[in-house]
Protein chains: 2
Amino acid sequence: MATHGARGRSGGRPTLEEVAARAGVGRGTVSRVINGSPRVSDATRAAVEAAVAELGYVPNTAARALAANRTDAIALVVPEPETRFFAEPYFSDMLKGVGAALSDTEMQLLLIFAGSDRERARLAQYLAAHRVDGVLLVSVHADDPLPDLLAQLEIPAVISGPRSSAETLPSVDSDNYGGARQAVEHLLSRGRTRVAHITGRLDVYGAQRRVDGYREAMSDAGLGADEGMIEAGDFTEEGGHRAMAALLERHPDIDAVFAASDVTAAGARRALRDAGRRIPEDVALVGYDDSAIARHMEPPLTSVRQPIEEMGRRMIDLLLTEVADRRPLASRGLERRQMVLATELVSRSSS
Amino acid sequence: MATHGARGRSGGRPTLEEVAARAGVGRGTVSRVINGSPRVSDATRAAVEAAVAELGYVPNTAARALAANRTDAIALVVPEPETRFFAEPYFSDMLKGVGAALSDTEMQLLLIFAGSDRERARLAQYLAAHRVDGVLLVSVHADDPLPDLLAQLEIPAVISGPRSSAETLPSVDSDNYGGARQAVEHLLSRGRTRVAHITGRLDVYGAQRRVDGYREAMSDAGLGADEGMIEAGDFTEEGGHRAMAALLERHPDIDAVFAASDVTAAGARRALRDAGRRIPEDVALVGYDDSAIARHMEPPLTSVRQPIEEMGRRMIDLLLTEVADRRPLASRGLERRQMVLATELVSRSSS
DNA sequence: AGGTAGCGTGGGAGCGCTCCCACCGGTGAT
DNA sequence: ATCACCGGTGGGAGCGCTCCCACGCTACCT
């Protein structure tokens with residue numbers, strides 16, 4: 001490595017100081033221009049901008065981070081193995097929204113997977129080093145220690161699905177309860193009466209809310225709550241298959257199924273086929289997520305669409321607010337920092 | 001924001017200096033321990049490590065980056081829109097290998113998409129700010145300006161597929177030529193004689209090499225080079241469908257197809273079905289990549305497997321070497337920095 | 001006229017680390 | 001005994017920036 005003194009000065013990247021000299025102003029002024037402070041005269045600003053352009057000046061991020069005690073980076077933390085991340089369109093949509101919201105910002109987005117214990121330990125170290133200004137948390141389970149760690153480190157965070165109705169972190173979610181109702185009411189409006197539900201992982205709050213929506217839509221329609229019509233799945237295809245098989249065994253006369261995810265619905269479909277049931281003639285099927293799977297299934301799957309991209313965008317908005325508030329220790333608190341977005345039923349031929 | 005003087009000292013994160021005081025040694029010694037220098041006595045090392053543990057010291061990355069002029073981060077740059085990244089298992093496998101190779105390192109991996117012009121401009125700015133120590137380039141087209149930019153900025157880089165036979169950057173690739181030969185020879189050994197080829201995007205060097213492999217395997221078998229049996233695809237399903245339809249029109253007697261990717265093969269399969277051809281009875285089909293698609297196709301698709309995870313791992317090895325070499329300006333140069341890994345044919349019922 | 005805002009500005013101090021030089025004491029060679 | 005040497009160590013200088021205080025100046029008050 002080059003010796004300390006020999007670096008800089010000649011050849012290397014230009015520094016703030018050099019820009020200042022070139023523009024004939026002081027360091028402070030250049031810094032103000034770079035950071036868009038309004039307290040600079042137009043003439044000075046122009047001179048500085050010219051010097052910046054001539055020298056091809058690019059601020060040194062490390063120096064800025066050190067002096068200002070911020071990193072201009074936020075992390076999207078996915079407490080799942082890579083595999084699931086890529087398998088589920090949920091994440092890629094979310095990423096798209098997040099990317100879009102960030103694209104006219106100086107913020108850098110980091111994608112961090114924390115599926116294994118080892119990765120989680122690494123993440124903890126990473127956060128302890130305050131290498132990001134804020135964290136976006138997706139798909140967090142009820143007992144995850146991550147939110148507490150973040151709170152303790154005083155790192156702003158926004159969570160996608162609240163962990164419970166008493167979530168303390170700012171959150172953005174879709175209306176799981178309402179979405180489930182939409183699905184069930186749709187099936188009922190089609191004349192179905194024996195509607196079963198395959199749930200998601202029940203340690204995910206959103207999955208519980210879908211169960212709530214199912215239950216209440218059924219009882220509102222005067223169709224008592226037969227708990228035998230509810231079977232636990234886990235958001236996987238295999239789980240959907242298993243659950244559907246169990247349901248058919250208990251209630252061979254089922255005429256409709258609301259599955260908590262499209263992948264689950266795909267598993268259910270397989271079990272229905274195995275049992276010789278036709279879709280939708282014998283059994284109508286509705287999924288959740290409106291993913292690519294839904295469109296390509298045979299028959300195409302009716303599904304509840306969540307505005308995932310939009311959720312990503314809103315999460316960024318919330319997080320950036322949190323990060324900015326951090327500085328003047330604002331009167332934070334009771335403003336509504338929980339956001340719920342509406343879902344939409346996409347009707348296809350499976351129902 | 002807290003005033004400058006008031007930060008640190010009390011309450012905040014412990015600094016090197018505080019650890020030094022606690023351990024009763026100098027700053028330099030703590031730094032040496034943190035960085036694993038051998039020039040520290042065992043007793044001193046133990047004392048420092050104890051102090052680090054007691055204080056919960058975590059080095060300040062920004063300060064380190066500023067002082068040492070390195071970032072301890074590398075970027076995986078994907079010059080494609082997010083969509084393709086998620087659609088193709090290639091990338092997720094690569095990411096897995098890269099992640100594995102990096103997991104026992106201090107290096108942080110950044111994932112950067114540069115599909116749009118806007119994103120590319122952002123990336124250029126990012127690289128100009130030297131925010132990463134090195135770059136991993138995947139799926140680069142022949143005319144991409146990125147490699148030149150990296151060279152100009154003197155940022156070490158490793159490329160996955162070479163851009164041409166004269167690639168100057170260190171690269172890791174699978175044996176596209178050999179893989180294509182494997183595929184064709186497999187088809188020939190099954191008694192097929194009218195073997196067509198649907199290519200990938202021909203501005204990708206690897207796709208060209210597959211064509212070469214196809215051509216030479218055919219002519220080595222004494223089956224002249226009928227250029228009409230080659231049709232250009234573009235790695236997409238739609239392209240595969242179109243190409244297959246064109247081939248069938250020209251040569252209705254085709255009895256085998258080697259497609260340059262599994263996705264392409266999926267498109268070809270659809271066109272074959274449309275034309276009433278049975279697979280493999282009428283036409284045998286071989287793909288490339290051995291992705292999930294291959295396993296789930298009907299019938300399951302014979303495919304050429306590239307050791308993508310392994311490639312990711314090797315790329316990291318090469319890149320870390322480059323990054324390290326940078327420091328003592330080593331005798332770089334003629335050592336072999338192009339790496340080619342063998343492929344493997346996975347035989348299934350489509351052929 | 002003197003007083004007093006307030007804008008636009010320059011530059012000192014400091015962020016927490018790495019690098020390097022100087023220094024210490026104990027070896028082994030002379 | 002003298003000296004060069006070397007492993008082990010302390011701490012100064014500096015990385016490039018932000019923050020803030022202080023300063024000059026103009027414009028407006030009384």
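- Counting only heavy atoms from C-beta outward, the side chains of Leu55(A) and Arg22(A) approach each other to under 4.5 Å.
- Nearest nucleotide to the side chain of Arg27(B), out of dC17(D), dC19(D), dA13(D): dA13(D).
- Contact check on Arg122(B) versus Glu119(B) returns no salt bridge, with no Lys/Arg side-chain nitrogen under 4.0 Å from an Asp/Glu carboxylate oxygen.
- Arg13(A) places its CZ atom 14 Å from the P atom of dC15(D), with the value rounded to the nearest Å.
- Remark: the Arg39(B) side chain and the dT9(D) base include no donor-acceptor N/O pair separated by less than 3.5 Å.
- Comparing Gly24(B) and Asn60(A) against DNA chain D, the residue whose closest nucleotide sits nearer the 5' end is Gly24(B).
- Open room surrounds CG on Asp42(B); 12 or fewer heavy atoms of other groups in view lie less than 6.0 Å from it.
- Glu17(B) places its CD atom 10 Å from the P atom of dG16(C), with the value rounded to the nearest Å.
- Shortest non-hydrogen contact noted between Glu309(B) and Asp93(B) is CG-O, 3.4 Å.
- To the nearest angstrom, P of dG12(C) lies 15 Å from CG of Leu16(A).
- Glu167(B) places a side-chain N or O within 3.5 Å of a backbone atom of Arg163(B) that can act as its donor or acceptor partner.
- Within residues 28-38 of chain A, the residues approaching DNA chain C are Gly28(A), Thr29(A), Arg32(A), by heavy-atom distance under 4.0 Å.
- Taking atom CG of residue Asn69(A) and atom P of nucleotide dC19(D), one finds them 10 Å apart after rounding to whole Å.
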Under 3.5 Å, which donor-acceptor pairs do the side chains of residues 134-148 of chain A form with other protein atoms, sequence neighbours left out?
unit_1    : atom_1 : unit_2    : atom_2 : d
Ser139(A) : OG     : Glu80(A)  : OE2    : 2.7
Asp144(A) : OD1    : Arg120(A) : NH2    : 2.8
Asp144(A) : OD1    : Leu146(A) : N      : 2.7
Asp144(A) : OD2    : Arg120(A) : NH2    : 2.8

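- The main-chain N or O of Arg27(B) is never found under 3.5 Å from a side-chain atom of Ser31(B) such that the two would form a donor-acceptor pair.
- Using a 4.0 Å cut-off on heavy atoms, the residues of residues 40-59 of chain B that approach DNA chain D are Val40(B), Ser41(B), Thr44(B), listed by number.
- By the neighbour-count criterion of 12 heavy atoms within 6.0 Å, atom CD of Glu106(A) is sparsely surrounded, having that number or fewer from other residues, nucleotides or ligands.
- For Arg64(A) and dG14(C), the CZ to C1' distance is 17 Å, given to the nearest whole Å.
- In this structure, Glu18(B) places its CD atom 9 Å from P of dC17(C), rounding to the nearest Å.
- Of the possible donor and acceptor atoms, none in the side chain of Thr105(A) sits under 3.5 Å from a partner among the backbone N and O of Met107(A).
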